[in-house]
Amino acid sequence: LLWLSLSLIVTALIAGGASFLIAFVEANQIQDDQLRQTARLVTRYDFSPDHQSMKSLREDLAEEDALISLQRLGAPRTLYEGKPSKYIPDLPDDLTEGFHTLALKKTWRVFVATLGNGERFAVAQRTAYRDEMALVSAQRTLIPMLILIPLLLGIVLVVLRRMLGPVKALAKAVDDKTQHDLTPLAIEEVPLEISGFVSSINRLLARIACVLEAQRRFIGDAAHELRSPLTALSLQLQSIDRSLLEPETKERIETMTQGMARSIALLEQLLSLARSQNSRAETLFAISPRPILIRILEELLPQASAKEIDLGLV
């Protein structure tokens with residue numbers, strides 16, 4: 001979100017700056033076209049400006065600085081109350097045709113044209129007013145951009161939250177898994193960009209499940225294989241008549257019996273571990289209880305014999 005926001009802001013600033021410069025230049029070009037069109041009208045109708053006409057034009061304007069000055073080059077400047085008019089610049093007589101930007105008492109934008117009788121005519125306007133109008137016009141191009149930036153940031157925030165919602169749900173599903181739950185993760189609602197990553201995790205879980213299943217089977221099979229001979233040995237030891245043995249031999253047999261009991265207990269723990277690691281759902285099916293009961297009796301027979309209990313199956 002941070003990088004997307006920064007990218008949007010930088011892009012908007014670059015685009016806004018470019019739009020501002022383009023609008024500013026175009027506004028000045030439009031104003032230059034106005035000067036050129038005014039000059040064409042003057043040359044076509046042979047308009048001779050004087051103080052009264054300039055004053056009339058000025059009074060009709062909302063802003064006096066917007067006045068376009070008209071004058072013949074080389075002719076005396078129009079006087080206003082005995083003084084040169086501040087709305088008609090004191091232009092040099094040797095200006096060539098075309099546009100000029102002159103810094104006199106104020107800065108003027110001037111366009112020089114030639115009349116039909118060979119006289120040269122100047123159309124001028126203050127650059128301060130032109131720049132102000134161009135600046136206002138250019139600033140208006142920034143308003144949509146300034147409105148668009150926070151709107152885009154809000155849209156990006158909402159879209160990211162909606163897109164990353166399934167990722168958060170996936171993370172919670174992973175956190176909720178137990179150590180024996182290696183079922184694959186759901187990828188239906190995961191964004192396409194990370195679906196491959198989730199599929200890789202599912203393949204890893206499958207490989208881990210295979211390894212754990214192999215370990216569980218090995219532990220279970222080994223415990224089952226060792227339990228029968230150990231049980232037989234335990235029965236043999238318990239069947240020995242200790243009253244006929246020497247004390248030293250009797251002690252050794254007792255030690256062997258205790259070791260055998262510890263080994264059998266260890267095998268039972270290994271079997272319990274194998275059963276606890278079975279992550280697959282057990283399938284129910286019909287069985288005969290007789291083999292199970294016989295196996296249970298075989299396991300309990302040493303303890304029954306030790307306690308002189310007649311244990312059997314009818």
Side-chain angles (χ1 to χ4, degrees), residues 1-34 62-63 65-66 101 103 107 109 126-216 273 276-281:
L1 178 62
L2 176 63
W3 283 108
L4 282 175
S5 300
L6 290 177
S7 301
L8 282 174
I9 292 173
V10 171
T11 303
L13 290 177
I14 293 175
S19 299
F20 179 86
L21 291 177
I22 293 172
F24 187 83
V25 171
E26 287 182 349
N28 277 292
Q29 290 176 348
I30 291 173
Q31 292 173 331
D32 284 344
D33 289 340
Q34 291 176 349
E63 296 187 31
D65 289 341
T101 301
T107 305
R109 181 67 169 171
R126 289 182 182 177
T127 57
Y129 174 79
R130 291 163 52 90
D131 291 342
E132 180 183 355
M133 293 297 101
L135 185 62
V136 171
S137 176
Q139 287 174 345
R140 290 174 180 171
T141 63
L142 297 179
I143 295 177
M145 196 69 66
L146 295 177
I147 298 175
L148 189 61
I149 290 176
L151 181 61
L152 285 177
L153 292 179
I155 293 175
V156 168
L157 177 61
V158 172
V159 170
L160 283 180
R161 284 184 175 179
R162 289 179 62 89
M163 292 183 64
L164 296 180
V167 180
K168 294 177 65 177
L170 181 65
K172 186 178 184 303
V174 174
D175 288 337
D176 293 341
K177 280 182 174 293
T178 64
Q179 63 270 28
H180 302 308
D181 185 7
L182 298 177
T183 55
L185 302 173
I187 62 173
E188 288 77 10
E189 297 183 359
V190 174
L192 181 63
E193 290 76 8
I194 64 170
S195 60
F197 177 67
V198 177
S199 298
S200 299
I201 292 179
N202 287 338
R203 289 192 291 271
L204 175 61
L205 291 176
R207 292 194 295 269
I208 294 175
C210 290
V211 173
L212 293 180
E213 178 66 16
Q215 292 178 352
R216 187 190 66 80
L273 175 63
S276 68
Q277 289 180 343
N278 187 9
S279 60
R280 298 179 303 175

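Below, all heavy atoms of this structure are taken into account, side chains as well, without hydrogens, waters or symmetry copies.
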Novice: Between the side chain of K177 and the main-chain N/O of T183, is any donor-acceptor distance below 3.5 Å?
Specialist: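 Here the side-chain-to-backbone pair exists.
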
Novice: Show me the side-chain donor-acceptor pairs of residues 198-206 shorter than 3.5 Å, one per line, residues at least two apart or across chains.
Specialist:
from: S199; atom 1: OG; to: S195; atom 2: O; distance (Å): 3.0
from: S200; atom 1: OG; to: G196; atom 2: O; distance (Å): 3.0
from: S200; atom 1: OG; to: R203; atom 2: NH2; distance (Å): 3.1
from: N202; atom 1: OD1; to: L185; atom 2: N; distance (Å): 2.6
from: N202; atom 1: ND2; to: L185; atom 2: O; distance (Å): 3.0

Novice: Supply the atom-to-atom distance L152 CG to S7 OG, rounded to the nearest 0.5 angstrom.
Specialist: 12.5 Å

Novice: Which residue in the set V159, V158, L164, L157 passes side chain to side chain contact (heavy atoms under 4.5 Å, CB included) when paired with R161?
Specialist: L157

Novice: Check side-chain hydrogen bond (donor to acceptor under 3.5 Å, both in side chains) between K172 and all other residues, then give those that pass, not counting sequence neighbours.
Specialist: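 side-chain hydrogen bond (donor to acceptor under 3.5 Å, both in side chains) list for K172, sorted by chain: D176.
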
Novice: Nearest 0.5 Å please: distance from the CG atom of L13 over to the CG atom of L8.
Specialist: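 Spacing of CG (L13) from CG (L8) equals 10.5 Å.
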
Novice: Roughly how far apart are L1 CG and L153 CG, rounded to 0.5 Å?
Specialist: 8.0 Å

Novice: With side chain to side chain contact (heavy atoms under 4.5 Å, CB included) as the criterion, how do R140 and V136 come out once you've worked through the C-alpha distance, each side chain's angles and the decisive distance to 0.1 Å?
Specialist: CA-CA 6 Å; R140 290 174 180 171; V136 171; 3.8 Å; yes

Novice: How close do A186 and L170 get, heavy atom to heavy atom, and via which atoms?
Specialist: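 Between these two residues, the closest heavy atoms are O-CD1, 3.9 Å.
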
Novice: Could you grab the distance from atom CD of E26 to atom CG of D33, nearest 0.5 Å is fine?
Specialist: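 Going from CD on E26 over to CG on D33, the span is 11.0 Å.
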
Novice: Enter the distance from L151:CG to L146:CG here, rounded to the nearest 0.5 Å.
Specialist: 12.5 Å

Novice: Going from CG on L160 to CD1 on I155, what distance comes out if it is rounded to the nearest 0.5 angstrom?
Specialist: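 Here the rounded value is 12.0 Å.
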
Novice: For the residue pair L135 and F20, what are the closest heavy atoms and their distance?
Specialist: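 Smallest heavy-atom distance, with atoms named: CD1-CZ, 3.2 Å.
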
